[in-house]
Amino acid sequence: MACLRMQSCFFLFLGLCFWASHCAEFNDIFEPSWAMDHVMYEGELLKLKLDNISGAGFASKATYLFGKAGAQIKLVPGDSAGTVTAFYMSSEGTLHDEFDFEFLGNASGEPYIVQTNIYSNGTGNREQRIYLWFDPTTDFHSYSFLWNHNQVVFFVDSVPIRVFPNNERLGVPYPKKQPMRVSSSIWNADDWATQGGLVKTNWNHSPFISTYKSFDIDANEYGLNVESGGLNETGIKWWDMPSYSSLTPRQRRMLRWVHRNYIIYDYCKDSTRFPTSPPECAGLRF
C-alpha cells in the first residue's frame, strides 16, 4: 500500500526535498509525465497548471494489477470552459486497458460534467456522463477506482457512480492481464469538452489549476515478487474477498440514486451510435 500525505515539504525541483518534517515521498511513487515546469508543489498539495503554452501531467512509476487507487482532487474554479482534468489508470499498447475520470470544464456558474470511460483490450467508446451533487471546485473530494477479477467500480467519495462487471461470459473482454499506471493530467480540449466545442477556452482566465492531495494506492505492484497472476504475496487480497465481488445493497441504492438524478449520458442508451446494444449493456441492473 502506498498512502501519500505530502506534509510540510517544499520541493524546489523534482526529486529534491527539503525536510521540514516527515515528507510523503511523492517522487518515490509518481513523476511528471510532461511539462515539469507546470507541476507545482505547495506543502501537502500538488498542482497541475494549464496555460496557453502547455498543460501538465504525472504518472506512477510502478504499474499495478488489481486493487484500489484514488486521490483527493479540487478542480479548476471559475471559468474552466475548454479544459479537461483527467484522473485515470491505463496500460500501454494498442490493445490497452484503461479506466478514466474526465472532468469537463464549463463556464462560470455552470456545473462540471464528469465523463467516465472504460477500455478493455483496446475497445472503448463506453462513455457515461454525470453531474456532481456538489461543487468540486470549493473543496477536495475523493475519486477512486476499485478493480478486481469481478468488477471495476468508480467512486466519488464513498458513492459508486459506475460499475463495469466482468462479462467475459458474454464475450466482453475484461481487464485482468495488463498492469496499469495511475496518472493524471490537465489539458486544453476546447474542440469538444464544453458544449461539444461551442465554448472555447478563455486564456485571459489562465492559468487553470487542478489541485491534489492524499494519494492512496492499495494495489498489487506489478513486477515486485510477482507470480504469474500478478500477486506479490500469497493469500487472498482484500479486494478479492467475496464481499468485494459485487456492490453491497447499500452501494446499489447509491448507484441507483446517481443514475436516477445525475446521469446525463449513457452509451448503453445511445441507439444512434449503437443500433445494436453493446453486449455488456444487456440486462445491466443495479
Side-chain angles (χ1 to χ4, degrees), residues 1-36 38-50 55-76 84-91 98-103 114 116 132 136-148 152-161 179-187 209-224 232 237-239:
M1 176 177 180
C3 187
L4 312 181
R5 305 284 193 269
M6 289 182 288
Q7 297 176 348
S8 301
C9 299
F10 175 73
F11 288 74
L12 182 61
F13 299 105
L14 180 69
L16 181 60
C17 179
F18 295 92
W19 297 78
S21 65
H22 179 263
C23 184
E25 308 288 351
F26 173 85
N27 290 332
D28 286 346
I29 308 298
F30 293 96
E31 60 187 354
S33 48
W34 52 296
M36 286 179 57
H38 284 53
V39 180
M40 303 172 293
Y41 307 88
E42 295 182 5
E44 67 172 2
L45 305 179
L46 171 72
K47 297 185 176 184
L48 295 184
K49 180 174 71 173
L50 167 67
F58 64 83
S60 63
K61 296 178 181 179
T63 57
Y64 303 93
L65 189 65
F66 302 120
K68 191 169 185 179
Q72 292 188 28
I73 307 173
K74 184 163 64 175
L75 297 175
V76 176
V84 172
T85 298
F87 182 68
Y88 59 101
M89 296 183 68
S90 182
S91 62
E98 185 172 335
F99 315 141
D100 295 328
F101 280 105
E102 292 181 317
F103 305 96
V114 181
T116 59
L132 292 170
T137 71
T138 59
D139 204 353
F140 289 92
H141 291 269
S142 174
Y143 305 91
S144 61
F145 307 101
L146 170 65
W147 174 30
N148 58 36
V152 180
V153 187
F154 293 67
F155 287 95
V156 174
D157 295 324
S158 61
V159 178
I161 66 165
M180 303 193 205
R181 298 188 191 279
V182 181
S183 303
S184 191
S185 58
I186 185 171
W187 77 95
I209 295 175
S210 289
T211 308
Y212 304 75
K213 68 176 184 178
S214 301
F215 297 90
D216 195 347
I217 301 176
D218 190 357
N220 282 320
E221 183 174 335
Y222 193 77
L224 183 62
N232 59 12
K237 300 293 188 176
W238 66 262
W239 51 81

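As a basis for the values below, the full set of heavy atoms in this structure was taken, side chains included, without hydrogen atoms, waters or symmetry mates.
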Those residues that, when tested against H38, pass ring-ring contact (aromatic ring centres under 6.0 Å, His included) (two or more places apart):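 H38 satisfies ring-ring contact (aromatic ring centres under 6.0 Å, His included) with no residue once adjacent residues are dropped.
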Listed partners of F87 passing ring-ring contact (aromatic ring centres under 6.0 Å, His included), at least two apart: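 For F87, the residues satisfying ring-ring contact (aromatic ring centres under 6.0 Å, His included) (neighbours in sequence not counted) are F145.
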Between NZ on residue K213 and CG on residue L46, distance to nearest 0.5 Å: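 Rounded to the nearest 0.5 Å, the NZ-CG separation comes out at 13.0 Å.
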Rounded distance [0.5 Å steps], CG in L75 versus CD1 in I186: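 Reported to 0.5 Å precision, the distance equals 8.5 Å.
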Using side-chain hydrogen bond (donor to acceptor under 3.5 Å, both in side chains) as the criterion, list what pairs up with [X], not counting sequence neighbours.
| X | result |
| --- | --- |
| S91 | Q178 |
| T63 | none |
| T137 | D135 |
| E102 | Q115 |

Is there a side-chain contact between [X] and [Y], using heavy atoms and a 4.5 Å cut-off?
| X | Y | result |
| --- | --- | --- |
| F101 | I73 | no |
| F99 | T116 | no |
| Y143 | V114 | no |
| H141 | L132 | no |
| Y212 | T85 | yes |
| L48 | V39 | yes |

Derivation of the side-chain contact (heavy atoms from CB on, under 4.5 Å) call for L50 and V76: CA-CA 10 Å; L50 167 67; V76 176; over 6 Å; no
Closest heavy-atom contact between [X] and [Y]?
| X | Y | result |
| --- | --- | --- |
| F215 | A71 | CD2-CB, 3.6 Å |
| Y88 | S185 | CE2-OG, 4.0 Å |
| A86 | W187 | CB-CZ3, 3.5 Å |
| P179 | L65 | N-CD1, 4.0 Å |
| G55 | A35 | O-CB, 3.1 Å |

Whether D216 side chain and G70 backbone form a donor-acceptor pair below 3.5 Å: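 No, because the side chain of D216 does not come within donor-acceptor range (under 3.5 Å) of the backbone of G70.
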Check: S33 side chain, G57 main-chain N or O, donor-acceptor pair, under 3.5 Å: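 A pair under 3.5 Å: yes.
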W238: side-chain contact (heavy atoms from CB on, under 4.5 Å) partners, not counting sequence neighbours: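 By the side-chain contact (heavy atoms from CB on, under 4.5 Å) rule, W238 matches K68, L146, D218, M241, Y244.
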Partners passing side-chain contact (heavy atoms from CB on, under 4.5 Å) against S60 (at least two apart in sequence or in another chain):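 Partners of S60 under the side-chain contact (heavy atoms from CB on, under 4.5 Å) test: F30, Y64, R181, V182.
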Partner residues of K47 under the salt bridge (Lys or Arg N to Asp or Glu O under 4.0 Å) criterion, sequence neighbours left out: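 Residues passing salt bridge (Lys or Arg N to Asp or Glu O under 4.0 Å) with K47: E42.
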Axial cation check for F66 ring with K237, 6.0 Å and 45° limits: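 Checked: cation-pi criterion not met.
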